[in-house]
Chemist: 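My questions will all concern the structure given below.
All figures in this text were calculated on a predicted structure; none of them were measured in a lab. Throughout, numbering of the chain's residues begins at 1 and tracks the sequence.
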Amino acid sequence: MTHDFVVDALGVGLRVEVDGMSRDDFRRLRAQWSRVSAPRSRVAAPRSRVTAQRAPSGTISAVLGEPAHGADVSGRDFDEVSVALRQMINLRAIESRREELLMFHAAGLADPTTGHVIALIGPSGAGKTTAASTLGRVLGYVSDETVAVDASGEVHPFPKPLAVKQRNTPRKSIAGPDALGLVDVRAPLQLTRLALLDRREEPVAPAITTLGMGEVLAQVIEQTSYFASLPRALRRLEARIRISGGVHVIRYHRAADLHDPVCELLRRPAAHLAQEEGPAVRDVEAVAGALPPGAYGRQEVDDWIDTGREVLILVGGKTSRLSPLGSVLWNALETPLPLDDLVARAEAVFGPAPEDAARITVQSMLDEFVAAGFVRRNGKDAQGGSAENDTEGDGLPSDVASLSS
């Protein structure tokens with residue numbers, strides 16, 4: 001007999017069809033997802049600026065027993081099915097919203113009074129689920145592994161069931177937030193704090209260290225789902241970090257140690273991180289029209305920001321960070337310039353170099369930028385002849401580091 005229920009996962013309606021499961025087990029499975037069931041979402045939707053999707057937009061088929069042809073999820077027992085179903089629903093949700101929401105690989109906890117949310121970011125094994133199941137008994141439970149935020153900073157809660165390790169076995173079982181006694185939050189939620197979890201094996205005193213954007217941006221990007229698929233991804237992330245007042249690294253040993261640091265961070269008012277001295281961010285579009293002979297200009301990229309210390313560029317699904325010299329050259333190319341002018345800009349910042357060293361270094365870097373797709377060049381010199389254009393490099397220059405995204 002087939003049983004079914006509907007969940008609202010990050011605003012994505014999904015119908016779950018289950019075969020081979022007794023009525024009692026099906027009730028247990030459905031109860032695990034009670035906080036994101038469709039009727040519950042319809043009640044909460046008017047309180048949010050984002051309206052939950054009413055009708056299911058997809059179906060997930062689950063089978064208890066021997067795998068059936070075409071089934072999305074299967075398992076030999078109830079726990080295997082529920083663990084696999086949890087993973088499948090999460091994947092479908094984040095894939096569907098990848099071009100709309102900034103989604104951190106993080107546990108989300110909220111102040112039930114203010115609706116302010118902290119995202120506890122970290123890779124697998126950092127303690128996100130344990131933190132959510134422990135602190136969620138006092139703070140509002142938002143999510144155990146996906147904190148999704150829109151362009152306005154509003155968090156889309158995803159209080160799905162949690163995967164809990166079983167004693168004396170590597171297997172996991174699934175427990176719903178109601179069964180674990182986690183606090184339900186319904187008020188509109190706003191992301192005000194970003195924190196990286198630094199769990200230590202040895203006992204240590206809990207501590208908070210606040211870092212600037214340029215120091216931890218790469219780590220945060222690595223823990224963001226489908227980062228390169230999101231329009232203006234770097235700018236949206238930069239805005240969240242500034243409102244957070246930087247990224248706060250929480251050192252801890254046990255989940256209980258997180259209570260005081262997390263509550264302290266949530267009590268702080270949202271504050272904008274001071275803009276470090278540096279050029280303002282411009283539109284990502286390249287300068288229109290043909291380049292003057294011998295001039296360099298920016299190529300169109302997906303997004304870019306200047307943290308004040310370095311420039312980061314998102315293009316072709318990769319985020320790259322430029323060296324100090326590369327950042328000076330990129331900012332100088334707000335309007336097309338010839339090589340001599342770019343060498344002069346570089347020497348004005350870093351000082352003159354002996355003989356032709358500055359010219360050779362700048363030329364080499366510009367050629368590699370052209371090869372990497374950041375910069376374009378008109379290969380004709382001012383007299384209309386062909387200028388040498390060495391752009392066949394082996395990829396990115398040594399001081400342009402690609403970050404996983």
Chemist: Tell me, please, which residues at least two apart from R76 pass salt bridge (Lys or Arg N to Asp or Glu O under 4.0 Å).
Modeler: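 With sequence neighbours excluded, R76 shows a salt bridge (Lys or Arg N to Asp or Glu O under 4.0 Å) to E80, given in chain and number order.
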Chemist: Would you check if the side chain of Y141 reaches a backbone N or O of V185 as a donor-acceptor pair within less than 3.5 Å?
Modeler: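 Judged by distance alone, no pair lies under 3.5 Å.
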Chemist: Begin from the C-alpha positions of L266 and L139 and carry the test side chain to side chain contact (heavy atoms under 4.5 Å, CB included) through to its verdict.
Modeler: CA-CA 10 Å; L266 282 174; L139 299 169; 4.0 Å; yes
Chemist: Under 4.5 Å between any side-chain heavy atoms of H259 and V138, yes or no?
Modeler: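 H259 reaches V138 side chain to side chain.
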Chemist: Report yes or no: does S143 contribute a side-chain atom to a donor-acceptor pair with the main-chain N or O of T146 at less than 3.5 Å?
Modeler: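 Present.
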Chemist: Got R345 and V349 here, is their nearest side-chain heavy-atom distance under 4.5 Å?
Modeler: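 They are not in side-chain contact.
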Chemist: Do D24 and S22 have side-chain N/O donor and acceptor atoms under 3.5 Å apart?
Modeler: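 No - no donor-acceptor pair under 3.5 Å links their side chains.
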Chemist: Only one of R242, R236, R235 clears side-chain hydrogen bond (donor to acceptor under 3.5 Å, both in side chains) with E238; which?
Modeler: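 When R242, R236, R235 are each tested with E238, the side-chain hydrogen bond (donor to acceptor under 3.5 Å, both in side chains) holds only for R242.
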Chemist: Taking the side chain from K128 and the backbone from G108, do they hold a donor-acceptor pair closer than 3.5 Å?
Modeler: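 Absent.
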Chemist: Calculate, to the nearest 0.5 Å, the distance between atoms CG and OG belonging to D25 and S82 respectively.
Modeler: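 Rounded to the nearest 0.5 Å, the CG-OG separation comes out at 9.5 Å.
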Chemist: Any side-chain heavy atom of L234 sitting closer than 4.5 Å to one from I221?
Modeler: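 The answer is yes, as the side chains (C-beta and beyond) meet within the 4.5 Å cut-off.
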Chemist: Can you name the nearest heavy-atom pair linking D303 to A233, along with the distance?
Modeler: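 In this case the closest contact between D303 and A233 is OD2-N, 3.3 Å.
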Chemist: Go through the steps for R137 and L182 under the test side chain to side chain contact (heavy atoms under 4.5 Å, CB included), then give the verdict.
Modeler: CA-CA 5 Å; R137 294 183 174 92; L182 305 187; 4.0 Å; yes
Chemist: For the residue pair Q32 and R86, establish whether any side-chain heavy-atom pair is separated by less than 4.5 Å.
Modeler: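 Contact flag for Q32/R86 side chains = no.
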Chemist: Can you check side chain to side chain contact (heavy atoms under 4.5 Å, CB included) on Y296 and L329, steps first, answer last?
Modeler: CA-CA 10 Å; Y296 290 86; L329 296 177; over 6 Å; no
Chemist: Under a 3.5 Å distance rule, please check whether S229 uses its side chain to pair with a backbone N or O of R98 as donor and acceptor.
Modeler: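 No; zero donor-acceptor contacts below 3.5 Å.
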Chemist: With heavy-atom distances below 4.5 Å as the criterion, would you say the side chains of R377 and L366 are in contact?
Modeler: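 SC-SC contact between R377 and L366 ruled out.
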Chemist: Output a table of donor-acceptor pairs, distance under 3.5 Å, between side-chain atoms of residues 197-217 and any protein atom two or more places apart or on a different chain; print 'none' if there are none.
Modeler:
{"from": "D198", "atom 1": "OD1", "to": "R200", "atom 2": "NE", "distance (Å)": "3.2"}
{"from": "D198", "atom 1": "OD2", "to": "R200", "atom 2": "NE", "distance (Å)": "3.1"}
{"from": "D198", "atom 1": "OD2", "to": "R200", "atom 2": "NH2", "distance (Å)": "3.0"}
{"from": "R199", "atom 1": "NH2", "to": "G125", "atom 2": "O", "distance (Å)": "2.6"}
{"from": "T210", "atom 1": "OG1", "to": "H248", "atom 2": "ND1", "distance (Å)": "2.8"}
{"from": "E215", "atom 1": "OE1", "to": "G212", "atom 2": "N", "distance (Å)": "2.7"}

Chemist: Decide yes or no for E95 and Y226: does some side-chain heavy atom of the first lie under 4.5 Å from some side-chain heavy atom of the second?
Modeler: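 Result yes, sub-4.5 Å side-chain heavy-atom pair found.
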Chemist: Distance from I60 atom CD1 to R15 atom CZ, nearest 0.5 Å?
Modeler: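 The distance works out to 12.0 Å.
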Chemist: Using a cut-off of 6.0 Å, state whether more than 12 heavy atoms not belonging to E264 lie near its atom CD.
Modeler: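 Check passes, neighbour count above 12.
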Chemist: Could you walk me through whether L191 and F104 pass side chain to side chain contact (heavy atoms under 4.5 Å, CB included), step by step?
Modeler: CA-CA 11 Å; L191 183 64; F104 298 103; 3.8 Å; yes
Chemist: With a 4.5 Å cut-off on side-chain heavy atoms, are F227 and L102 touching?
Modeler: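 Heavy-atom side-chain distance check passes, below 4.5 Å.
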Chemist: Measure the acute angle between the ring planes of F374 and W330, then classify it against the limits of 30° and 60° as parallel, tilted or perpendicular.
Modeler: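 Correct class here is perpendicular.
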Chemist: For I360, is there any backbone N or O sitting under 3.5 Å from a side-chain donor or acceptor partner on D356?
Modeler: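 No, the answer is negative, given that no donor and acceptor are paired below the 3.5 Å cut-off.
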Chemist: Quick one: pull up CG in D8 and OG in S37 and give me the separation to the nearest 0.5 Å.
Modeler: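 If I round to the nearest 0.5 Å, the distance is 9.0 Å.
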Chemist: Name each donor-acceptor pair under 3.5 Å that joins a side chain in residues 336-344 to protein atoms two or more places apart or in another chain, with its distance.
Modeler:
{"from": "D340", "atom 1": "OD1", "to": "R359", "atom 2": "NH1", "distance (Å)": "2.4"}

Chemist: Does a side-chain heavy-atom distance below 4.5 Å link P157 with L189?
Modeler: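 P157 vs L189: side chains touch.
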Chemist: Would you say NE2 of H253 has more than 12 non-hydrogen atoms from neighbouring residues, nucleotides or ligands within 6.0 angstrom?
Modeler: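 Yes, NE2 of H253 has more than 12 neighbouring heavy atoms, counting only those of other groups under 6.0 Å.
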Chemist: Identify the two heavy atoms, one from A9 and one from I89, that lie closest to each other, and give their separation to 0.1 Å.
Modeler: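 Answer, listing the atom of A9 first, then I89: CB-CG2, 3.9 Å.
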Chemist: What heavy-atom pair brings E99 and P231 nearest, and what distance separates the two atoms?
Modeler: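 Where E99 meets P231 most closely, the heavy atoms are O-CD, 3.3 Å.
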Chemist: Atom CG in L333, atom CG in L291: separation rounded to 0.5 Å?
Modeler: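 CG of L291 is found 9.5 Å from CG of L333.
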Chemist: When rounded to the nearest 0.5 angstrom, what distance separates OG in S96 from CG in L10?
Modeler: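 Rounded to the nearest 0.5 Å, the OG-CG separation comes out at 9.0 Å.
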Chemist: Any sub-3.5 Å donor-acceptor pair from T134's side-chain atoms to A131's backbone N or O?
Modeler: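 No; zero donor-acceptor contacts below 3.5 Å.
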Chemist: Which heavy atom of S173 sits nearest to which heavy atom of D79, and what is that distance?
Modeler: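 Nearest heavy atoms, S173 then D79: CB-OD1, 3.8 Å.
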Chemist: Restricting to non-hydrogen atoms, name the atom on S74 and the atom on V81 that form the minimum distance, rounded to 0.1 Å.
Modeler: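 Shortest heavy-atom contact: C-CG2, 4.2 Å.
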Chemist: Do you know which two heavy atoms are closest between R35 and V183, and how far apart they sit?
Modeler: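 Here R35 and V183 meet closest at NH1-O, 3.5 Å.
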Chemist: To the nearest 0.5 angstrom, please state how far the OG atom of S225 sits from the CD atom of E145.
Modeler: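 Going from the OG atom of S225 to the CD atom of E145 covers 8.5 Å.
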